[in-house]
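Attaching a single structure in structure tokens format; questions to follow.
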Amino acid sequence: MYKKVKTMSIIIFIAILYSCVLGTLFHSTVNIPALSDNTKDGIELPIIMYHSILKDYDMSGKYVITPSVLEQDIQYLKNNGFHFISAQNLIDYVDSDISLPEKPVMLTFDDGFYNNYTYVKPLLEKYDAKAVISVVGSYTDEYTESNIANTAYGYLRWTDVCDMVKDERIDIGNHSYDSHSNTNGRNGVKRKKGESASDYKNFFFADTQKAQDKFLENTGFSPIIYTYPFGAYNDESTDYLKEMGFRLSLSCTEKINIITKDPDCLFLLNRYNRPSDIVTSDYFERILGKQ
């Protein structure tokens with residue numbers, strides 16, 4: 001009799017233990033939230049990085065696409081429920097109770113090509129989309145002086161930038177004054193090997209502030225967005241940007257951003273480069289998943 005009771009007790013104990021394990025597993029599974037645009041950890045934000053937009057398909061490459069491809073990209077995002085947001089939308093979300101739309105996405109255009117004025121601006125108007133266009137100050141000085149407005153190879157003039165500043169769909173970013181280069185041992189605005197901390201700070205402030213002064217002088221506006229040339233940066237440069245009044249910076253690291261209420265999340269935002277060698281649907285499915 002004792003053996004039967006003991007055996008039955010063991011069976012009951014094992015059954016209870018087994019049911020508890022199954023219950024724990026089931027409970028854990030059904031309570032894992034699906035990854036979405038709004039999670040308790042933040043809001044997912046993909047940022048797409050474009051450069052030059054040219055009609056000549058033969059010129060397409062890693063940093064050049066055609067206007068028709070750009071239009072297909074914008075249509076794809078709209079048709080799949082994405083909402084274009086501005087840098088100010090991000091800042092308003094971080095600073096206040098103003099919410100972001102479902103499935104936010106940001107478009108950015110680097111280097112300040114004149115074809116951004118020719119092709120991008122009209123498409124933003126057509127689809128009521130928003131974008132950040134980042135300008136290299138020395139390029140704009142050069143093309144303002146020559147007054148060349150060439151879609152194939154030219155850069156924005158200050159009159160063009162001034163016109164874009166007035167467009168509520170466009171945010172203008174500082175892409176350095178004269179540091180979009182890999183010369184004299186420096187990659188963009190990154191600190192040189194062996195450069196002292198003070199020398200680097202002086203260089204960074206001088207180049208960045210010169211661009212800010214040019215913007216203010218020619219447009220009456222100073223950018224609060226900084227776009228790192230080539231995505232090259234140092235950890236201390238974020239502190240320098242904050243000291244100069246910037247609220248947001250853009251890198252070239254390719255991954256999704258998680259936007260929270262922490263103002264620091266707006267610095268070194270990640271972006272996906274948009275090359276020409278992949279069709280729109282495949283490109284976005286690769287970085288966003290199947291919609």
Side-chain angles (χ1 to χ4, degrees), residues 45-90 101 103-137 139-140 142-144 146-175 215 218-221 223 225 227 250 271-281 283-284 288:
L45 174 66
I47 303 180
I48 315 303
M49 177 173 62
Y50 299 93
H51 292 79
S52 184
I53 312 297
L54 294 174
K55 279 189 173 181
D56 186 354
Y57 182 79
D58 291 337
M59 297 295 291
S60 294
K62 186 175 181 180
Y63 301 113
V64 181
I65 64 169
T66 64
S68 62
V69 170
L70 175 59
E71 185 164 17
Q72 289 164 24
D73 287 359
I74 293 173
Q75 289 173 333
Y76 179 93
L77 291 166
K78 285 184 74 75
N79 291 342
N80 283 280
F82 285 89
H83 295 88
F84 303 103
I85 64 167
S86 66
Q88 191 59 52
N89 293 146
L90 285 178
K103 299 177 75 170
V105 66
M106 181 180 282
L107 308 180
T108 66
F109 296 82
D110 285 11
D111 304 342
F113 290 100
Y114 181 72
N115 53 51
N116 290 182
Y117 187 84
T118 308
Y119 300 125
V120 177
K121 191 172 183 291
L123 284 173
L124 297 179
E125 293 170 359
K126 180 177 179 179
Y127 292 98
D128 195 24
K130 299 176 181 179
V132 175
I133 295 178
S134 297
V135 174
V136 179
Y139 295 174
T140 295
E142 179 183 347
Y143 278 82
T144 297
S146 66
N147 201 30
I148 293 174
N150 189 291
T151 300
Y153 63 80
Y155 290 87
L156 295 167
R157 302 160 298 177
W158 285 115
T159 52
D160 307 318
V161 176
C162 194
D163 193 26
M164 286 179 156
V165 166
K166 298 173 185 176
D167 191 328
E168 62 182 10
R169 298 179 183 87
I170 297 174
D171 288 321
I172 296 295
N174 180 334
H175 202 24
F215 277 108
N218 290 283
T219 70
F221 160 84
I225 305 164
T227 303
L250 301 172
R271 300 185 293 163
Y272 291 94
N273 182 54
R274 179 38 163 131
S276 66
D277 61 352
I278 182 171
V279 299
T280 292
S281 58
Y283 172 75
F284 284 111
L288 304 174

State whether a side-chain donor-acceptor pair under 3.5 Å links Thr118 with Asn115.
no
Does some side-chain heavy atom of Gln72 sit less than 4.5 Å from a side-chain heavy atom of Leu77?
no
Any side-chain heavy-atom pair of Arg169 and Lys121 under 4.5 Å:
no
Roughly how far, to the nearest 0.5 Å, is CG of Asn174 from CD1 of Ile225?
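Reported value, rounded in 0.5 Å steps: 10.0 Å.
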If I take atom OG1 from residue Thr66 and atom CE from residue Met59, how far apart are they, to the nearest 0.5 angstrom?
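One gets 13.0 Å once the value is rounded to the nearest 0.5 Å.
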Report the residue from Thr144, Asn147, Asn218, Asp163 that forms a side chain to side chain donor-acceptor pair (under 3.5 Å) with Arg157.
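Exactly one pass, corresponding to Asn147.
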Compare every heavy atom of Pro46 with every heavy atom of Phe82, then report the nearest pair and how far apart it is.
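Reported closest heavy-atom pair: CE2-CG, 4.4 Å.
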Can you tell if the side chain of His175 reaches within under 4.5 Å of the side chain of Tyr139, non-hydrogen atoms only?
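No, too far: nothing below the 4.5 Å cut-off.
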Could you check whether any side-chain heavy atom of Tyr63 comes within less than 4.5 Å of a side-chain heavy atom of Asp111, counting everything from C-beta outward?
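Not touching, per the 4.5 Å side-chain cut-off.
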Side-chain contact test, heavy atoms from C-beta onward, threshold under 4.5 Å: evaluate it for Ile172 versus Met164 and give yes or no.
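They are in side-chain contact.
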Flag the pair Tyr50 / Thr108 as yes when at least one side-chain heavy-atom distance between them is below 4.5 Å, and no otherwise.
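Side-chain contact under 4.5 Å: no.
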Ring centroids only, cut at 6.0 angstrom: are Trp158 and Tyr143 within range, meaning strictly under it?
no
Under the side-chain contact (heavy atoms from CB on, under 4.5 Å) rule, what do Thr227 and Arg271 come out as? Steps first, then yes or no, please.
CA-CA 11 Å; Thr227 303; Arg271 300 185 293 163; 3.5 Å; yes
Where is the tightest heavy-atom contact between Met106 and Leu45, given as atom of each residue plus distance?
N-CD1, 4.1 Å
Hey, what's the ring geometry for Tyr76 with Phe284, parallel, tilted or perpendicular (30° and 60° as the breaks)?
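Aromatic pair Tyr76/Phe284 classed parallel.
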Please round to the nearest 0.5 Å and tell me the distance separating atom CD1 of Ile133 and atom CG of Asp110.
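So the gap between those two atoms works out to 10.5 Å.
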Can you confirm whether the side chains of Asp73 and Thr280 place a donor and an acceptor under 3.5 Å from each other?
yes
From Arg274 CZ over to Met49 CE, what is the distance, rounded to the nearest 0.5 angstrom?
12.5 Å
Measuring from Leu124:CG to Asp167:CG, what's the distance to the nearest 0.5 Å?
7.0 Å
Is the side chain of Asn116 donor-acceptor paired with the backbone N or O of His51 at a distance under 3.5 Å, no angle test?
yes
Check Asp171 with Lys130, please: is the shortest side-chain N to carboxylate O separation under 4.0 Å?
no
Test item: Tyr127 and Gln75 side chains (from C-beta on) under 4.5 Å apart, heavy atoms:
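Side chain of Tyr127 against side chain of Gln75, heavy atoms only: contact under 4.5 Å found.
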Output yes when a side-chain donor or acceptor of Lys62 lies under 3.5 Å from a complementary backbone atom of Asp277, and no otherwise.
no
Side-chain donor or acceptor of Ser60 paired with backbone N/O of Tyr57 under 3.5 Å
yes
With a 3.5 Å distance limit and no angle check, can you tell me whether Thr219 reaches the backbone of Cys162 through a side-chain donor-acceptor pair?
no
Gap between atom OG of Ser134 and atom CG of Leu156 - 0.5 Å precision:
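That separation rounds to 11.0 Å.
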Start with the C-alpha distance between Leu70 and Leu123, add both sets of side-chain angles, then the distance that settles side-chain contact (heavy atoms from CB on, under 4.5 Å), and finish with yes or no.
CA-CA 8 Å; Leu70 175 59; Leu123 284 173; 3.7 Å; yes
Min side-chain heavy-atom separation Leu107-Ile74 under 4.5 Å
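With C-beta onward as the side chain, the pair touches.
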Applying the ring-ring contact (aromatic ring centres under 6.0 Å, His included) test to Tyr155, which of Tyr114, Phe113, Tyr117, Phe109 qualifies?
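By the ring-ring contact (aromatic ring centres under 6.0 Å, His included) criterion, Tyr155 pairs with just one of Tyr114, Phe113, Tyr117, Phe109: Phe113.
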